[in-house]
Amino acid sequence: MALGDLIPSRFSHSSTTLSVVSNHFQDLNISTSSNSNTSNHHEDGEKSVRNLETSSSSCVGGAVTSMAYLPQTVVLSDLRHDAFEGSLPSGPSDSGLVSKWRPKDRMKTGCVALVLCLNISVDPPDVIKISPCARIECWIDPFSMAPQKALETIGRTLNQQYERWQPRARYKTSLDPTVDEVKKLCTTCRKNAKSERVLFHYNGHGVPKPTANGEIWLFNKSYTQYIPLPISELDSWLKTPSIYVFDCSAAGMIVSSFMELQDWTASASPGPSARDCILLAACEAHETLPQSAEFPADVFTSCLTTPIKMALRWFCTRSLLCESLDYSLIDRIPGRQTDRKTLLGELNWIFTAVTDTIAWNVLPHDLFQRLFRQDLLVASLFRNFLLAERIMRSANCSPVSHPILPPTHQHHMWDAWDMAAEICLSQLPTLVEDPNAEFLPSPFFTEQLTAFEVWLDHGSEHKKPPEQLPIVLQVLLSQCHRFRALVLLGRFLDMGPWAVDLALSVGIFPYVLKLLQTTTPELRQILVFIWTKILALDKSCQVDLVKDGGHVYFIRFLDSAEAYPEQRAMAAFVLAVIVDGHRRGQEACVEASLIHVCLRNLQDSSANDSQTEPLFVQWLCLCLGKLWEDFTEAQTMGVRADAAAILEPLLSEPQPEVRAAAVFALGTVLDVGFDTSRDGTGGEEDCDDDEKVRSEGSIVKNLLSVVSDGSPLVRAEVVLALARFAFGHVKHLKSVAAAYWNPQPNSVFTALPAFAVNGSGSCYTTPTQYMPHGSIVPSSVSPLLRVGENSQSVVRNGRVSTSSPLTTSGIMHGSPLSDDSSQLSDSGIVPDTISNGVVNHARPRPLDKALYSQCVLAMCTVAKDPSPRIAGLGRRVLSIIGIEQVVAKPVKFTLGNVQPSESTANPSTSLSGLARSSSLFDMNGGGYLPLTFRTPPVSPPRPSCLTRMRRVYSLEFRPHLINSPDSGLADPLLGTAGPSGASERSFLPQSAIYNWSCGHFSKPLLPATDDSEEIIARREEREKLALDRIAKCQHSSVNRLHNQIASWDTKFETGTRSALLLPFSPVVVASDENERIRIWNYEEATLLNNFENHDYPDKGISKLCLVNELDDSLLLVASSDGNVRIWKDYTSKGREKLVTAFSSIQGHRPAVRSVNAVVDWQQQSGCLFSSGDISSIMAWDLDKEQLVSTIPSSSDCSISALSASQIHGGQFVAGFSDGFVRLFDIRTPEMLVSATSPYKQILERVVGIAFQPGLEPGKIVSASQAGYIQFLDLRHLKDTYLTINAHRGSLTALAVHRHAPLIASGSAKQLIKIFNLEGEPLGSVRYYPSFMAQKIGSVSSLTFHPFQALLAAGAADACVSIYADETSAAR
């Protein structure tokens, strides 16, 4: 089972959510004989849809009808839509909780002191020995040779046994020593070890037991007395860190005394000393060492230093093999402990895996890290200590440790060890007799991997962790098991960050780091996958990878064409993390030609567009962006490699993540002077680099082309790129903004009215391509208005210009622009002395002045973005070039000579309604607060000026009065400083696309049983319910629809403007002209939620739509200015979240003040259509979050009504203010299908339009303001086939049921009429709000339930009523 075979099947569904079977809607046979254009995509892209089977028994007219009526498209449900406006994702962490797996201070035992007090042939007085008695010390019989020789041999053997575990330590042995000798030994060891650990091994078999005071016994020089040594003195000589091994009876006494000493020391002088001392003792304080001859006398030491021999000897006495196996054979086991292909090596390997597993499963993780991962010798001793506990407890002896370990002697993994030992020992006689006999490896590791695989099939985060994880670690050492172990490990890591953290805490990191040095081709993809999972959790591994040269491994993999694109995307992710904020990583990857590898692959992916994996392209861009972020050398290489030209086509890719990543890569190419590796301020040769200037100009033009992209993710990156550009060109941008207020004869603004770049030779033509409506600048630059302290308007040129934002309530009390001392030069460039506190390291050459003008326009556009996050970022960018928020006091004006056409309707508003769309900085959507342009005067101001006025330029957004009596003008010049050199990097807003994209790899990537079954079941249930209700609608004869089942006073001050009935719950959503949204349950008569669509001052609702109505529905709120905001969780009080927001109308006619947007949503195609007082219709693909088509409206009149077909994807109909009706189909090349003017007698404004129910395309119902309802069949260009005079001169609303033959119309005379498709009246409803029957407001909105015969009516009196047929009970 190769992991690579698993990965692609998952990624094939990654573009859309909830896909059960990915197919294309055009492949579905849902067309009727009269219509073959019911596919679910338009010509420039395919839509991934869900092919959910619906049982034919519940279908209306079979599968054809069900597929047509129930669209399969689901949009806006990807990772990027999960609370984009909420907190920023953090991306891979480089500190904190996740790095706890990394040992804080790896240690080494540098010196070992071996103290043996054996006094061979003389037994201590407090020990009565049995016969036969345990005699063996270090597997040597001390009575088989002279006592002194035996002592030296035992000492030498113990030294060798310890060297097996730590060969590089210094060893010093002291045999039967005196106190002075031990003191000298300890002080020498501490001196040699320095800050490393010292091991003190004490064998007290030839001296009395330790005393109750914790004293161990040594000898005097003549060996006539036992001399006590207090543990406190020993501790003072050895100091810390240290580890003590006490192999003597009643050794627990020493541990108790030591702990008392540590408690006393800690209370006297708090410190970490107690933590750095480890003790291992052979038995409890009241116990005596085993004397049975089956054990060696130093059984504890034997377990610690020769565990395999000790374990096998002990096991043999308890095994069925005891009769057939000779003890001597155990000493002749062939092989070496370090060679896993031999019997001895495999036994040692299995023993290590078993003891590691027991410790990891029993110990707390921090204790496991300290004892088993910090120091190799300590880890070995503690593994062997677990064996000692098992063996010695069988002899009624309990080894003791500090820190205390939980009991492990009965852990079930010992059974696995016994079985493995038995299998190996059963081969021993054959292997000893015949050295050429083949050794059969134990099935231990294969079985344990199978157990781990079983856990993977059934385990989860909420279950007990897999106990085989340490064994998987050991298996990585073996070539024969390695591939399977890595695949299983990859599956485990894919379960989530918790699994990665567990694997790292068990010690996987050095193993997988070492494996990057292998060249085995089959391991490449799984290693890349594992490293993807590790780095998605913990960024700090980047240092280790670069240090070991691991980056080269991933660059090679990235450039290997035979690998899957999804896996190469993982390699690009790994490399992006390696270079993220890591200068050494950036340098290493630049040296390894990563820039050229990425750019070459981007070019290849562009050439093979059909095979391109978006995730791969996205991460190539992100990797490049991180590689040259704040790294001048890499930026220069990118410029020379023409990176901008390679990245530019990606700005029109259908995936928002790819577009955002491309913007990120383009933005980080811009050098903003943050490269800390450069000394000084950069040479002049950098400043005069024409290639760099051209590249920057090209990049900025490309960025401006996507400043109004449909995806907030993309726009956010554009803002950040503009912020980088603003940092690098702050003086020039400030001067452009300043020149607007003091235009010179030769300035850029005079030469380029409306800031349009015409004939510049660039691909960028006019700002209307990227600016929302309201951005068209007047062709003549406004005169400057200066306001004195008496608050009287000082008028130049004989009148107040309404196109200047200065004619507002937030005017500053003085402007240095009006002083002769601060006149700007003809070039419009502020002198170099103006820096406003921003440190510019590299003084860039100025670009084309017109480009700066467009940048200032774009910055003001994004500061009024419908997405709050992007608007906030935009205001931060404006502050970089000196435009700051100030809190303004209301200022009164005298409108003496304002021309009537330019004055406000209500002068008391202090000019706040002037020139709604004609000012340069008067962007769409309104502003939170006025924004003020600030920069110091060119020449020193006169002291009197500073006392009388504030010297700031005033550039404001649309005026917004702050009526607080305490509010005053901020002083950005005197009160706040610009960003200093030290803090400017942090002042620059940070990118979100990289962290958002990293989140993809934190989630499961492999196919698994997910929770989609529940979602599919709910979808199928809703489809069945919808089809049943549609059948009732189509076949039941609704005679009347005047039974009011619910009435709701919304308490809207301006009346109900729009309403919406939810399809599967008794809920109605309503909104007023101020864009307050309220949601009401009409069965329980309870208010579920209420919230503001936005808090900009300009309000106006256009329409409410439901997106994904068959799934987790989203609420689309379209404002009359063209801004669209889409909400999730909107029915839960206080939990509504903004999914996405964008301006659906791009630019409008210069003479028009308001767009009066009309929009409609089409679920079948996933398209949103929007228009208004503009000359075209915008088609937005909400899956791509992209403007996919701009359709000419073929009329000079504005569109007043718009309706999209809910049956035929791509079709929509528009009604115009001159009475024309036009049918469009975005699937056809010419877009316009047909046009007719049903109101030929008089030009009548179309106020309502909709498709008739049923599968026939082109049948339309149109309503005019004069009260006529026309029935048309636009497939046949003939006159209206039916006309109803429904309301004479007062029709205000029209609704046509999607499936039932019902049409409702409302009038300003508080009357609703219901008709069928033949034009026959089915009834009428008059408003009688009380018994007095007083007059109320007109009917403002009508909407039918999608699948039921229910009608919701909203009126100007804020009342929403719901009507049903006569059979429904009132609620």
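Small disclaimer: the values here were computed from a predicted structure and weren't measured.
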For the [atom1] atom of [X] and the [atom2] atom of [Y], what is their distance to the nearest 0.5 Å?
| X | Y | atom1 | atom2 | result |
| --- | --- | --- | --- | --- |
| His402 | Cys277 | NE2 | SG | 7.5 Å |
| Lys172 | Asn192 | NZ | CG | 5.5 Å |
| Ser257 | Asp235 | OG | CG | 12.0 Å |
| Trp349 | Asp339 | CH2 | CG | 11.0 Å |
| Phe452 | Asp457 | CZ | CG | 11.0 Å |

Residue pair [X] / [Y]: nearest heavy atoms and the distance that separates them:
| X | Y | answer |
| --- | --- | --- |
| Ala282 | Met392 | O-CE, 3.3 Å |
| Ile423 | Ser426 | O-OG, 2.6 Å |
| Pro210 | Cys248 | CG-SG, 3.9 Å |
| Leu261 | Ser232 | CD2-CA, 3.6 Å |
| Leu289 | Ser249 | N-OG, 3.1 Å |

Gln517, CD: over 12 other non-hydrogen atoms inside 6.0 angstrom
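Yes.
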| said: Could you check whether atom CE of Met107 has more than 12 heavy atoms from other residues, nucleotides or ligands sitting under 6.0 Å from it? | reply: yes
Would you please name every residue forming a side chain to side chain donor-acceptor pair (under 3.5 Å) with [X], sequence neighbours left out?
| X | answer |
| --- | --- |
| Gln479 | none |
| Tyr162 | His201 |
| Arg484 | Thr450, Glu453 |

Hits for salt bridge (Lys or Arg N to Asp or Glu O under 4.0 Å) against Asp331, two or more places apart or cross-chain, chain-then-number order -> Lys309, Arg313
Those residues at least two apart in sequence (or on a different chain) that pass salt bridge (Lys or Arg N to Asp or Glu O under 4.0 Å) with Arg393 are Glu389
Heavy-atom side-chain contact between [X] and [Y] under 4.5 Å:
| X | Y | answer |
| --- | --- | --- |
| Leu280 | Phe300 | yes |
| Leu363 | Pro406 | yes |
| Tyr202 | Val207 | yes |
| Phe295 | Met310 | yes |

ask   = Judged by modelled atom types alone, do Thr211 and Asn213 share a side-chain donor-acceptor pair under 3.5 Å?
value = no
query: Using the ring of each side chain (for Trp, its six-membered ring), is Phe351 parallel, tilted or perpendicular to Trp414, with breaks at 30° and 60°?
result: tilted
| task | Anything under 30° is parallel, anything over 60° is perpendicular, the rest tilted; go ahead and classify His481 against Phe445. | result |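 Ring orientation, 0 to 90° scale: tilted.
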Only pairs at least two apart or in different chains count here, so list each salt bridge (charged side-chain N to carboxylate O under 4.0 Å, His left out) that has a residue in residues 353-364.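 For residues 353-364: Asp356-Arg373, Asp356-Arg383.
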